[in-house]
There are 2 protein chains.
Amino acid sequence: MRPIKWRCSTASVEKAISALVNADSTRERILDTTVELLRRHGLGKTGVVDVARALDMSHSNVYKHFTSKSALFDAVAERWLAQVMAPLTKITADKKAPAAKRLKQWTRTLAEVKRKKVLGDPALFEVYNSITADAHDVVAAHVARMRDEVAEILRDGVRSGAWKLRSPGATAMLILNATARFHHPAMVGLDEGRTDLAELDALMDVVIAGLSN
Amino acid sequence: MRPIKWRCSTASVEKAISALVNADSTRERILDTTVELLRRHGLGKTGVVDVARALDMSHSNVYKHFTSKSALFDAVAERWLAQVMAPLTKITADKKAPAAKRLKQWTRTLAEVKRKKVLGDPALFEVYNSITADAHDVVAAHVARMRDEVAEILRDGVRSGAWKLRSPGATAMLILNATARFHHPAMVGLDEGRTDLAELDALMDVVIAGLSN
DNA sequence: GTAGTAACAAAAGTCAAGAATTGTCACTTG
DNA sequence: CAAGTGACAATTCTTGACTTTTGTTACTAC
């Protein structure tokens, strides 16, 4: 393999890097202020003009970084979802604990995190909900990610001999469906934190018992 | 026990009965017309004045039969729910089939009926949904009824020795929760009839297997 | 005393104007 | 060439006068 010849001066490289870094940082700054305004004034009263004004820039420039208002809000939701996933991914990665225990803990944590977010950050939850309603690809990606994590825990269980499963992916979807009542935004929003998560534990006990057959 | 003495003429009795019958029939007529208008013009564009006009009566008279607009719509939803329950109650009553099979059939039918109603009667579904959102007691009653029917099937299973359950009522709620994804109005509305009910069957297989432990 | 009505206040809905927002484009700047 | 701007059309969002609807009450008729 022949080494690539970089046809550029150090100066032009630095410039390009700084441009990229700047692009990224203003992108982040825009996202930050959007979240801030969203929290303060809610979804309805936050527009790209407001965001631009808060940052002392023309609204056209916001469109340089996000192709549309909904793209901007999608990015906010994506970030929000990343925060939701973080504690779950930790559980998925912790290969020491037995799969059944991790599976139960995973669904419980999902429900808890969603609940905390709904109660503690209602404005951002509203953003996420409006995106869910439009059936965006952000949601599809999120569901796929959740399914993959659950499937990985299931595969660990298969490897350790706890279960025999034909399709861990399909079973993962089955588990997400079975527990939707406790973590799906459309349902968490309805009974504002009234449902008892002990019911979720009981449900998972039955599902896990059923998986062992 | 001493026989009750009826202190009234046949004439006054007939009058009272006819009054009751009439009350009932105009009540029914009002409900019928409401459903009709709801179907034709949707939830937003149907008011008690419209209903009264369609029946050639003053709107005040509608208020003689229903205390408020929402009471009228509650009654519509109640009727709608009764239609949903009918095929389920049949399954609950059919004591010949084994409990596990009936349980699976029951949840499947619930999902199917809800789906059919959503697709075939979107206007009335909208009414039902708006009532669900306001967390009315109509919904609580409906959920209680569903729980009781599932609990009865579960008790049949316990009697026949298929399962041992501490609390059929709690387990019934568990099953309703687990299958909410497939029959809860808030979810059925989202993926307009796209979800595969085979997934519900698979889920119920796992739950039923889990119940046997 | 039940079915029904007419007249009324309060709340909610309608609609067209003017205002603001979304999104595009040609343009400047480092 | 990427970050940024001002001017612009198209589209949505207010706003406030006006209309309709909701719900009550005092009434008639059987």
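Each chain gets a letter, A, B and so on, in the order the sequences are listed, and its residues count up from 1.
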Going by heavy atoms in the side chains, are [X] and [Y] under 4.5 Å from each other?
X	Y	result
Arg115(A)	Thr195(A)	yes
Phe66(B)	Leu31(B)	yes
Met57(A)	Lys64(A)	no

Whole-Å distance between [N] [atom2] and [X] [atom1]?
X	N	atom1	atom2	answer
Leu43(A)	dT22(C)	CG	P	11 Å
Asn61(A)	dT22(C)	CG	P	15 Å
Phe66(A)	dT22(C)	CZ	P	14 Å
His65(A)	dG23(C)	NE2	P	16 Å

Between Asp148(A) and Arg145(A), is there a salt bridge with N-O shorter than 4.0 Å?
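Not counted as a salt bridge, because no side-chain N and carboxylate O are separated by less than 4.0 Å.
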Atom pairs, protein N/O to nucleotides 17-20 of chain C N/O, distance under 3.5 Å:
none

Evaluation steps, side-chain contact (heavy atoms from CB on, under 4.5 Å), between Val113(A) and Gln83(A):
CA-CA 9 Å; Val113(A) 170; Gln83(A) 284 168 26; over 6 Å; no
Please confirm whether the backbone N or O of [Y] pairs with a side-chain atom of [X], one donor and one acceptor, at under 3.5 Å?
X	Y	answer
Ser68(B)	Ala71(B)	yes
Arg102(B)	Thr92(B)	yes
Asp50(B)	Gly47(B)	yes

Sequence neighbours excluded, which residues qualify as side chain to side chain donor-acceptor pair (under 3.5 Å) partners of Arg79(A)?
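Arg79(A) satisfies side chain to side chain donor-acceptor pair (under 3.5 Å) with Glu28(A), Asp32(A) once adjacent residues are dropped.
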At a cut-off of 3.5 Å, list every protein nitrogen or oxygen paired with a nitrogen or oxygen from nucleotides 9-16 of chain C, distance to 0.1 Å.
none

Mind jotting down which residue pairs meet the side-chain hydrogen bond (donor to acceptor under 3.5 Å, both in side chains) criterion with at least one end in residues 119-129 of chain A? Sequence neighbours excluded, please.
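Sorted pair list: Arg39(A)-Asp121(A).
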With a cut-off of 6.0 Å (strictly less than), are more than 12 heavy atoms of other residues, nucleotides or ligands near NZ of Lys95(A)?
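Counting neighbours around NZ of Lys95(A), more than 12 heavy atoms of other residues, nucleotides or ligands fall under 6.0 Å, so yes.
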Pull out every residue in residues 51-58 of chain B that has a heavy atom closer than 4.0 Å to any atom of DNA chain C, ordered by number, or say none.
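Those residues are Met57(B), Ser58(B).
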Before you tell me yes or no, could you show the steps for Asp201(B) and Lys104(B) under salt bridge (Lys or Arg N to Asp or Glu O under 4.0 Å), namely the whole-Å CA-CA distance, both residues' side-chain angles and the distance that decides it to 0.1 Å?
CA-CA 7 Å; Asp201(B) 289 337; Lys104(B) 204 173 155 186; 5.1 Å; no
Glu112(B) side, atom CD; Thr107(B) side, atom OG1 - distance, nearest 0.5 Å
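Those atoms lie 9.5 Å apart.
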Using atom names, set out every protein N or O paired with an N or O of nucleotides 22-27 of chain D below 3.5 Å, distance rounded to 0.1 Å.
unit_1: dT22(D); atom_1: OP1; unit_2: Lys69(B); atom_2: NZ; d: 3.2
unit_1: dT22(D); atom_1: OP2; unit_2: Val48(B); atom_2: N; d: 3.0
unit_1: dT22(D); atom_1: OP2; unit_2: Val49(B); atom_2: N; d: 3.3
unit_1: dG23(D); atom_1: OP2; unit_2: Tyr63(B); atom_2: OH; d: 2.9
unit_1: dG23(D); atom_1: OP2; unit_2: Lys69(B); atom_2: N; d: 2.8
unit_1: dG23(D); atom_1: N7; unit_2: His59(B); atom_2: NE2; d: 3.1
unit_1: dG23(D); atom_1: O6; unit_2: His59(B); atom_2: NE2; d: 2.8

